[in-house]
Number of protein chains: 2
Amino acid sequence: MAAVNLKQLAKILNLSISTVSKALRNSHEIGYATKERVLAKAKEMDYTPNPFASGLRRNKSKTIAVVVPEVANNYFALAINGIERIAQENNYHVLIYLTHEDIEKEKGIMKHLENKRVDGVLMSVTMNTNNQTHLSDFQQKGIPIVFFDRICHEIETAKVTTDDYISGINATKHLIENECKDIAFLSLGDNISIMQKRKSGYLEELHKNNMEAKPERVVKCGNDDEMNYQLVKKLLTGINKPDGIFASVEKLAITTYQVCRELNINIPKDVKIICFSNLETASLLSPSLSTITQPAYNIGKTAAEVMFKYLDKNKTYIPNENIFLQSTLHIRESSQQIV
Amino acid sequence: MAAVNLKQLAKILNLSISTVSKALRNSHEIGYATKERVLAKAKEMDYTPNPFASGLRRNKSKTIAVVVPEVANNYFALAINGIERIAQENNYHVLIYLTHEDIEKEKGIMKHLENKRVDGVLMSVTMNTNNQTHLSDFQQKGIPIVFFDRICHEIETAKVTTDDYISGINATKHLIENECKDIAFLSLGDNISIMQKRKSGYLEELHKNNMEAKPERVVKCGNDDEMNYQLVKKLLTGINKPDGIFASVEKLAITTYQVCRELNINIPKDVKIICFSNLETASLLSPSLSTITQPAYNIGKTAAEVMFKYLDKNKTYIPNENIFLQSTLHIRESSQQIV
DNA sequence: AATATTTACGCAAACGATGTAGTAATTTAA
DNA sequence: TTAAATTACTACATCGTTTGCGTAAATATT
């Protein structure tokens with residue numbers, strides 16, 4: 001029942017606690033025969049070190065935290081997958097925290113993590129994170145952060161993203177090539193860097209094509225699905241509606257599909273759509289959805305790898321570094337000119 | 001930089017360590033004025049107790065583990081959402097482990113968790129978990145498990161599921177009502193209880209309608225997507241193909257859609273489909289997908305609540321209990337007779 | 001053969017928080 | 001007025017590991 005500890009193991013083996021401990025950690029101080037004996041007995045008795053005791057002693061938690069806005073989201077789910085994979089390989093444990101895009105919750109979580117419960121944090125900030133003092137404060141405590149996707153520029157550390165600016169350009173260019181004359185951009189808030197980059201790409205490409213960038217074509221959506229629905233509905237109601245939509249995140253594209261269905265707007269005839277998405281069923285939608293797909297799994301994996309690169313070296317300071325992974329454009333029906 | 005501890009706080013306050021500790025825990029042994037003073041200073045110095053020290057001393061980790069086959073799955077993602085919500089409310093932390101349907105990985109994870117790293121485990125077993133000794137062994141260590149969805153009957157504890165048997169009946173009945181004469185069942189393995197229940201419902205309803213239950217109509221799919229694709233393709237190739245498909249899990253329905261697209265089989269004209277799914281975009285698919293939707297969020301939430309009910313009471317033994325939550329049938333185009 | 005070195009182990013002090021048992025000082029009861 | 005009880009605190013052992021240091025025996029060096 002009760003887990004066996006070093007003391008019991010030592011008594012049975014007629015050795016001191018420290019000898020047993022050292023034997024298990026394969027210390028050079030211990031003779032070969034003794035090591036063998038200890039190892040065998042430990043296995044037999046199913047000994048496994050108490051993580052709290054060794055954590056306390058060594059000041060190592062063997063745990064990382066993943067802080068993300070949500071998990072019921074293909075992108076983050078895949079990223080977590082990649083992170084968990086690397087963590088398991090490194091014999092680390094993964095704590096998960098969801099902010100639900102609530103900056104106060106994010107602050108609370110970081111506060112909770114300050115006390116060395118974890119050796120490092122991988123995170124994507126909320127769409128409302130415009131102030132980063134809680135993050136720099138956290139770093140001050142000596143726990144490294146690595147950002148992925150929703151990064152925080154002001155914090156000096158490693159950041160793993162895709163090239164959102166280029167993708168923004170490509171998506172917009174694609175819509176223009178398919179005869180869109182009036183393209184709207186559905187943004188998720190406007191604080192976070194990926195939004196600014198995606199929007200920059202969008203604006204840049206409009207400019208390059210001598211198309212007017214009307215402010216009302218940038219729709220600032222948020223975390224409230226119902227509100228987003230109304231915003232998109234408003235955008236697509238009336239005579240003066242756009243003929244192209246670039247949704248910055250998956251859920252806004254889905255909302256757009258739903259609105260179009262309600263308003264009987266035909267995609268892609270009346271309006272063409274492209275979006276950032278990791279939706280598995282994109283090709284099965286009606287019409288199939290054109291996407292910019294981020295290598296979510298690899299982003300998570302890479303972020304974790306960078307983290308462990310420093311944790312292994314016992315470095316708590318991670319120098320600034322921007323790692324870009326490439327997204328892929330999947331052109332499907334929703335964005336194409338019907339010929 | 002370094003986190004402040006009780007010793008430092010005590011020195012500054014000119015009190016003993018134990019006084020400070022008790023004051024923070026609001027012990028009746030400490031005078032009101034002293035408590036105030038301690039609390040103020042602790043806040044000022046941003047003191048937060050070391051989780052390893054108190055975990056070691058109190059033999060409490062304030063952490064639960066969630067062990068699931070995967071996270072990039074709408075069902076599990078939503079369940080984790082529910083779990084995380086309740087955990088946060090209880091000031092608990094959530095460790096996540098993915099088995100990827102690998103029984104060996106599951107065993108390894110349970111082994112890793114035996115050493116009191118967590119106070120409890122919420123889990124959905126892999127599709128290959130036919131032997132439960134690693135789970136009963138785990139229970140023996142005094143750490144409670146609560147199952148959700150993919151439960152393990154043989155283990156005595158609380159189990160949260162939907163009524164899969166009834167849902168199996170309802171789905172099959174619905175297909176029959178829509179003129180299906182030859183219904184196939186796509187199973188995910190055949191070990192886990194939800195599969196057996198869903199299949200039982202399917203078989204029962206066939207029997208009730210005097211329809212023959214041909215063994216070759218039960219297709220045992222697995223974890224390999226490509227293999228599943230071939231299995232479904234084989235099922236739908238040739239003259240003698242079913243006119244109804246009941247997919248026991250979401251991904252098999254998606255596979256079926258893909259196969260039908262390749263083989264140019266029309267859903268629902270040639271074959272009707274219904275499946276268990278939490279796919280957000282079910283209604284946007286072409287054709288829209290009929291689903292039995294499980295209350296995934298609430299299942300996770302309920303499982304966590306049951307766990308905390310016992311953890312609060314410091315009970316490590318959870319008596320057998322089966323909690324059923326209701327699924328809802330969403331009839332859409334994929335399963336309906338065209339009139 | 002005497003000394004130096006290496007080998008293989010044990011002792012004990014951490015790590016930080018908690019809780020039991022004690023102890024003065026004060027208050028209450030007899 | 002004195003014993004008993006209460007209040008408000010402190011000392012100390014403890015949780016299970018890790019690790020620096022000490023040391024006896026074995027081996028190597030002169």
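To find a chain, count down the sequence lines: A is the first, B the second, and so on, and within it residues start at 1.
- Both tests hold for B:K313 against B:Y310: distance to the six-membered ring centre under 6.0 Å, angle to the ring axis within 45°.
- For the pair B:N50 and C:dG16, the criterion of a side-chain N or O lying under 4.0 Å from OP1 or OP2 is not met.
- Both B:S18 and A:P49 lie close to DNA chain D; mapped to their nearest nucleotides by heavy-atom distance, the more 5′-ward contact belongs to B:S18.
- Of the charged side-chain nitrogens involved, at least one lies within less than 4.0 Å of a carboxylate oxygen, so that A:D46 and B:K111 count as a salt-bridged pair.
- Both B:V20 and B:A53 lie close to DNA chain D; mapped to their nearest nucleotides by heavy-atom distance, the more 5′-ward contact belongs to B:V20.
- No engagement by B:Y32 is indicated, since no non-hydrogen atom pair under 4.0 Å with the nucleic acid exists.
- Whole-Å rounding puts the A:N26 CG to D:dT19 P distance at 14 Å.
- Rounded to an integer number of Å, the gap from CD1 of A:I17 to P of C:dA12 is 12 Å.
- Nucleotide C:dG16 holds its P atom 12 Å from the CG atom of B:L56, rounded to whole Å.
- Following rounding to the nearest Å, A:H28 (NE2) and C:dT7 (P) show an atom-to-atom distance of 10 Å.
- Here A:L15 lies in heavy-atom contact (under 4.0 Å) with sugar-phosphate atoms only.
- For A:T34, whose side chain is taken as the heavy atoms from C-beta onward, the closest listed nucleotide among C:dA8, D:dA11, D:dC9 is C:dA8.
- Side-chain atoms of B:S16 stay outside donor-acceptor range of the base of D:dA11, with no qualifying N/O pair under 3.5 Å.
- B:I143 has its side chain out of reach of B:D119: every pair of non-hydrogen atoms, C-beta onward, lies at least 4.5 Å apart.
- Taking only side-chain atoms of B:E29, from C-beta outward, the nucleotide of D:dT19, D:dC9, D:dT17 with the closest atom is D:dC9.
- The CZ atom of A:R58 sits 15 Å away from the C1' atom of D:dG20 (whole-angstrom rounding).
- A:T129 and A:T126 form a side-chain donor-acceptor contact under 3.5 Å, judged by distance and modelled atom types alone.
- Listed nucleotides C:dA17, D:dC15, D:dT17 differ in distance to A:K7; the shortest reach to its side chain belongs to D:dC15.
- Within the 4.0 angstrom heavy-atom criterion, no nucleotide atom of any strand lies near B:S27.
- At whole-Å resolution of the value, NZ in A:K11 and C1' in D:dT17 are 18 Å apart.
- In this structure, the CZ atom of B:R37 is 13 Å from the C1' atom of D:dA8, given to the nearest Å.
- One finds no salt bridge joining A:E305 and A:K309 here, because no Lys/Arg side-chain nitrogen approaches an Asp/Glu carboxylate oxygen to under 4.0 Å.
- A straight line from CG of A:L13 to P of C:dC9 spans 11 Å, rounded to a whole angstrom.
- Counting non-hydrogen atoms under 4.0 angstrom, A:S54 reaches the backbone sugars and phosphates but no base.
- For B:K22 and C:dT20, a side-chain-to-base donor-acceptor distance below 3.5 Å is present, hydrogens and geometry of angles not being considered.
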